[in-house]
Each structure stands twice: as C-alpha cells, then as structure tokens.
Amino acid sequence: MSSTFVSDSLAAIPPRRGRRSSLRTWRWSDRLVLLAAWVAGLSLCAITAAIILYMGYRGVQYLRPGLIFSRPQVSKDQAGSGGFLDPLIGTALLTLIGIAIAAPMAICSALWIVEYGHGGRTRQFLTRIVESSIEIVAGTPDIVIALFGLAIFQLHILAFVSFVGEGGGVYGKSFLAAGAMMSLIALPPLFVATRDGLQAVPAHMREAAFALGKTRIATIRRVLLPSVRANIATGITLGVSRIIADTAIVLVLLGETLRTEPQGGVPGLGVLRGTGSTLTSYVYENSPAGEGAAPQKAYAAAVVLMLFVLVLNLAVEWITRAQARSSGSIAIAGGIV
Amino acid sequence: MLQRLRKPWSDNRAERLLGAVSFLACLTVACMVVFVAIHAWPTFEHNGLSWLGSGGSLSEQVERMLATSANPPASAFHIRVWPILYGTLLATGLAVLLALPLAVLSSIFIVELAPAPVRRVMIIVVRLLASVPSVIYGLIGILVLVPFVGAHLVTSAERTSLQNTVQLTGAGLVVAVVLLTVMITPIMVALTCDALGAVPAAWREGAAALGVNRLRAIRAVTLRAIRPAIVAATVLATARALGEAIVISMVSGSVFFAPRPSDGAAFLLEPFRSFASTIVDFREGLGAPALSATLYACALLLLFSAFALSVAGYLVKLPMRKYQVKG
Amino acid sequence: MSAHRASLYSEESMKVLSRETPPELESVPPTQPIPPVRTIVLDRAPEPVRPPEQREAVRRALDADGPERLRLEDVSVAYSQKVAVRSVSLSIHQGEVLALIGPSGCGKTTLLRTLNRLTELTPSAARGGRIVLDGQDIHDLEDTALRARVAMVFQQPNPFPMSIFDNVAFALREQSRRRPRRPELEPLVVDALRRAGLYEEVKDDLHRPALRLSGGQQQRLCIARAIAPRPEVLLMDEPCSALDPISTGVIEELIHELRRDLAVVIVTHNLAQAQRVADKVAFMYLGDLVEYGPARQVFEQPRAPRTRDYVRGAFG
C-alpha cells in the first residue's frame, strides 16, 4: 500500500515545545522564591570562588619554596625568618599516628557489625550501642575531645605517652597524645565508608566462599576486605582531610612549641613524646589571634593547607569515579555524614 | 608455639577479637563522659545551677581563677557564666537562622532549577566548602573581614558611645555569624539535596498533571515531603556551630560581654565569647584547678548539648511520621 | 504414611490426605489433546495507514454523540529519534469513554501522556501533528492551564503525603491566583469525594493521612483529586492494574458515572475491562492506530485482521 505516506510521517519530527506557563501567571510569592533560589545558589558559588581566589592571590604573594623547606627560627623578626618545615612534619606525624590507630578500630568495628552483628535481640542491641557510640563521637566537638585527651593523658599511668614536667605533674601534651585523639576524629568517616562498602558486597560472594568451606574469618581476609579496598581508601582520605584540618586538638594537646622538641632519651620515641606544632596551629599562632607577628607566613601556611585539602578532595573524587560506583549521595561521598 | 600461631584462626576467636575492638568505641565514649564530668564536678559543687546565671564581672572572676594554685579555697570557684551562655546561643541561633533558608533555597536551585553542567559545578562547590579547615575561615575572618567591618561598618558615633563599656574593633557578632553561616550551610545543603533527590518521581508527576507550576509543586509537595530531612540537617548544623571553637576564638573579639540589643545597630558589632572559644582562649590556664574545672564544665555542657539536640530532633520528627511513606 | 507424619495430622485431614484425587475433579472427563500453537510471524512493517479522505469520513460518522472535546490530527511522538506513536487521528467526545487497547509497547501510554503534554517532562520527546482541545491547539495553551482542563490518573496511586482533604483540595488551592479558604473549599472537596465514590468511607475524618488508605481507596482519592477542579477530559493510565478485583469493579462503576460530565480516555491492557467500560475503542499496534470505532464493532466485527487476532487473544 502507500508506503510513501507512512515514510512521510517517519521523517524527522521537529522537537516542538508547547508554551510553558509564563511567569506572569505565577503568584508573587512563587516568583520571589524562584529569584531567591537562583540568588542563593549563585552566591554559594561566589563565596567559594572568592575564598579560593583570595587564598590563591595571597599564596602567590607570600608562598616561597624556601618556606616549605626551612625550619622555624626563634627570633624577634618573625616575619622575615624561618619557614614551616617543622609544622609540616608535625601535620604528617599526627596524620600517621591518627590513621594508624583509627584504621584498625574502624575496620574491625565495621566488620563486626556487618558480619557478626545479626542474630538475636542482644546481638542487635549491642550493634546499636556500637553504632550509636560512633555517631556520638562523630557529633562531639573537637574541643571536647581535646579536653578529654588532656584529662586522660595527665594520669600518671599514661605518663609514658608524654613526659613528666618540672613539679612532678604529667605534662599530658605530646604527639602521641594528640595523635590518639586525632584517631577519634578520623574514626567516624572511616567506619561509615567501610561499613557501607561491606554492606554493598552482594550476598552471593559470601555464600560462594562459605560453600567452598572457608571459615568466616578467612572469607573476610581473602574475599571481603579486598573488595572494599576502594571504600577503605575513600574513608582514609576523608579521615586524613579531617585530621589535617583540625586545630583545636592541636592547640590543647600538642604543647605549641614552634619546633619539634623531643623529650626523653630514646631518639625516635622522643619526638613522639615531645611537643611541636602543625600547619593549623602555625597558622593560628601567626595570625593576630596568636602571637600575631607574621600574617604573611600565616597566609603561606594556609595556602599550603588549602592545597592539601584540594588534593585530598580530588583524590576522593578520583577513587569513587575509578570504582565506577557513585552512591549519588553528596553527603556520604563528601564525608559530611 | 609457632604451630599454634600458624593455624588459621577459628571463627569464635576472631569474632571475640573483633567484638572487643568494636567495644573500644563505646568504652571511649563512656570514658569521655566520665572523665569530663569528674573534672567539671568541683565548679558545679561550689556554684550549683546558678553557675549559668549572671552576677559580677566574669572577666574578674576568671582572672582570679588564673592566679590560683593547687588546693584553692572554695571562694576561688565562684563564677557566673551567663555572658558565655548568651553569646553561644546568640551566635549559634543567628547562624542557623541564616543558614536554613540559604541551604534550602540552594538545594532547590541545585536539584530542580540548575541546568546540568551548573549542577555538577555546584556539587563540587558544596563539597569544597564543607572541607575547608576552620582555621582558614578564621584567618580570612581576622585578616580581611574584621578590618573591613572595623573600618567601614563601625561608625565613630557608635564607637564613642560605647567606649566606656566595650571596644568596637570590628571583631564581633556579625563576622562570627557570617563565617559560621558559611561553614554550616554546605552540611545542610548536602543533606537536603540528597533528600530532594529521594522524593518519589510519582509525586512530582502527579503535581505536574494537576496543572501546578514547577515552583508551586516544589513548595507544596516536595518541601513538605522532606521536612524530616530538613530537621536532621538543622540538628547536625546546630551541633557543628555549637562546637566551633577556632573561628569564634579568632573573630569574636574575645571579650566576656553579652551583646545588648538595646544598643541598636551596634548590637551586631559587639564582641562576645562562646563556650568553645573560652576553652581555646584559656587553654594555658588549664593548670589552675579552679579555671580547669570551669573549662571542663564548659566542655561537659557542649557534650550534653549534642545529645540534647539529637533527642530534640527525634521529638520534632515524630509528628511528621504519619504523613510520610513508610521506610 | 509414616508414623511420624501420622502424628502431625488430625483424623479429618488424614482422611483427606489419603485420597488419591479430590472428589470434585472425579467427574471431569480426561483433557482434550492440546492443539498446536500457531506460529504468527509478526512483521515489523506497520499496517497501511488509511489515506486522509477515509479518516475524515470515519471521524464524521462518529460525531453523533456529545460535543467533541479533544481531537487528534496526525499526531506522532518520538523519543530521541525512536518513533513511539505514528500518525494517529482520533476524536474524543463528552459523554463517552474511549479505551486505548493494544499489546505492551504499542504507544498507547505515550499517546495518552501527549494529550496533557506530560511527555514534555522528558527532554528527548518530540511531537508532530495537532491536538485540539475545544477548538484551541493545546500547543498554544500554557501547560498549567491545559492540565487544569485535562486531568490524569496514573497506574500506581500516588496520593501526596498530606491529609485526604489537602490532597483533594490541592489542585483547587494551587491553581487559583488567590488562596481560597477552608469554608470555600469544603463543599467542593466533599462533592469531588462523592463523585469519586469515596466520601462514605472517609467522611468521619477527612484529615487522616492519605497514605494510610488502602490501594483501592488511594486510587479513588487520586480520581477525586483529578476531578475536583472540574476538568473537561479525564485521562486514565491503566488505573486498575495495581488493584484487586473488587476495587477494580468499584472504579469501573465510577467511570460509568463520570462520563456524564467528562470525556474519559482510558488506557488498558485488560481486554475484558475494555469491553465492560468502553463506548469507543482505539486499537494500537507498534505505534500505529490500527482500528478505531464503537466498542461493539471493534470487539465483535473488527475490520483489520490484526485487530481480530488481538481481540481473540492470538497475541498480546
């Protein structure tokens, strides 16, 4: 029959859009809300752009490679001399200690909850307690964690963590002490990331391992943990970015000496038991809030800090994209929850 | 001996070990509450509940405490922290009040109104804002915003009229509230965006099919549907604002002063202190027993406020449950 | 049976369990041999479309009933170059129920959604042809104004997370420029609930959350919500497919009542339902309108062979 007739209507149909509801028929309050939503969204962009551009500007102005590689000098002219090598080392040290303590804790807790947390009423009750505790730690302000650290590490039993000062009182402030409390800061994001990754492992992987006769713990070691490597990596990255950004714990628990001052005889352990500073406390001390003498160096250190944070953010994006798994959730992937 | 170590672990042993490590978290929380409470007890013992009241000059009381040594007399513990409580509530309340509409409107923009490339950029923007360290906010505040406010927003008339009570240097309420708002908005935006994305498409289609324009549909249906999520976001944001010590310590002016609304516009320019910033400011004085007890008491208050906020959030969400889809 | 099993069951059930065949089935004769299944070659080429003169004649013949509400002229819909509906021409009158039938994927839901421009919610959709509502091209109307006159009920009941009253009053509140108050809305809401056949069941508490209603009640609530602003055409996309038979029966009764004031277009894959409910039937296959006519004629004396095959259940 008339196939030409049919093929006419098969020709490309132009995408025609009908008339949209014109703004004139909208109520005033709707128009206002529309405008306000656009203003709000764009101002968030503007604020972020302002922060990044301003820090970039100051960084170009004040950051010199020499600063990164020279140690702080104790001198009257703070603005001219010395760099922040010690604070950089301090940040790195705290991060290492914090993650070293937090990672096993977080992974073991996540494993216990996901693998062994189901069963009778008592088991579920215990699971709720563990999860609630970690939520409480997540919601505690870092200054409270800092004071708690001080309270604990000033006990005589724990004098080995720091050192005994003049007058016989335990000083309580050292890299070990601050690092231990930093682990509490890094624990919740690591735990959440690992737990979500374990929960997302499909049941058939476990069932296949059990069917082959493996014990649960062997399954965990050989099957589950490797499959959540990316989640653990994301969690660690989020934890690290939280640790390097934290200032309150450093101010209270690190003794605030510009340079690392080891304590005690043992060389390696001495640094850990001693005091020092980190990038964050260096920025604080050099701003008008602290000694205030060298805002230029504060800017320089702040820019380095910002760069670390940006790199870590990109790392999280890269890991989640490389896994081709995006939860689609801004809050969880961004470590906010 | 080595043989025993090389044998694969039994499930029971592994389970017990993992369980023990998990309970370290609970142990830590319990210890935290106990230790902070023990150290805070002396100040409550001597002041009772009127610790939170007002009376006398707070700065003098703190100065006196700084000077005490071991075994101070009971009178050394006397303190009334009302200005700190007032400052904390003021700063936190104003910040949350500003952040809530900003966050909800931005979320509506990101999820519903923005074109796709703009949306991708906004998501990056939100994550970035959420991860900026507080000390950098504080630095920008103290080196840029405070001088700006001090030079341009504080009129000399206000300065002279208040010069006998307090110095208006620009460091005060307005800068602290602005910075706090910028800090807590990304948290709320992230949670609200996730909630907006989870609203079933059926409701959106149903509203469109009823001849309701897009924004009306958002306001009448979607926003009602995500009310529990907005409550959760507000609770999280308030907890964050309460615990923020560094930014407030850097830009609030650090004076024990309760800003007075009766001063008109100057009210926003007056300095203050919050619980968290007090702890940071006097961290050196933690050796003096009386001051140490007071600071630990501030920490205890912060700890319990986080609990109380979660409970409050739960209570507020209860009556909303009956209108929601189950689950 | 083993002694163990014997102890689990009572005397009565033991008697039943030990029988070979249940008593009712003993009188049924042995089954007939199953005839071989005909293999039908479903060619991809569409049925030749009627030339324009024939379509006009068909349309005029059907004009006898109530005023024509909606007219489709040569409507085609495509989703990113894949054609879903090809050159369909129909006429929908007040007082009659038009059933769109056809196998899955034939384009009937797409055609329905084009009638109130809901396809525009999908960015990749493109439409050709003309749809005229009461003499106005719907393309020229504002989409909110159009949807106020052409209402839709979906396959899955989707009441909003509000009370019953707020659900039904939703369109009334949001479509008007100034916000009507409770006393003005009450009689309209009650009337809509009555016409939807739900009022008797919910009249004791109109402020109950809508999500607590049963599935059939929720669907009737959606119908009440759709007809509250007095639309001219009601579109129903397989409204009973998610419901049990009793609720289905209630809603079919409703459709009979509703067509007095509205024109109803219902998409259904259930042929029996189409026979019960429809006045006119349009059979679509792979995007083409194969047959369109009064229900009795399409089901009893279908003109196109494909319609005959479908109606007799040869394919689906």
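Labels below follow one simple rule: chain letters A, B, ... track the order of the sequence lines, proteins then strands, and each chain is numbered from 1.
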In terms of heavy-atom proximity below 4.5 Å to chain B, should C:R149 be classed as side chain, backbone, both, or neither? neither
Can you tell which of C:L133, C:L115, C:L98 makes a side-chain contact (heavy atoms from CB on, under 4.5 Å) with C:V233? C:L133
Hey, is the main chain of C:H93 close enough, under 3.5 Å, to the side chain of C:E96 for a donor-acceptor pair? yes
Minimum-distance pair of heavy atoms, taken over all atoms of B:S107 and B:T192: OG-CB, 3.4 Å
Between C:E186 and C:R182, does any NZ, NE, NH1 or NH2 come within less than 4.0 Å of an OD or OE carboxylate oxygen? no
Quick one: which of C:A228, C:A151, C:P159 has the most heavy-atom pairs under 4.5 Å with chain B, could you say? C:P159
Using the rule side-chain contact (heavy atoms from CB on, under 4.5 Å), only one of C:L172, C:N158, C:V189 pairs with C:R225; which is it? C:N158
Given that the side chain runs from C-beta out, which part of C:P229 has a heavy atom under 4.5 Å from chain B: side chain, backbone, both or neither? neither
Give the interface residues of residues 235-244 of chain C toward chain B, defined by a heavy-atom separation under 4.5 Å. none
Is the closest basic N to carboxylate O distance between C:D143 and B:R214 below 4.0 Å? no
Backbone N/O of C:A196 and side chain of C:R220: donor-acceptor pair under 3.5 Å: no
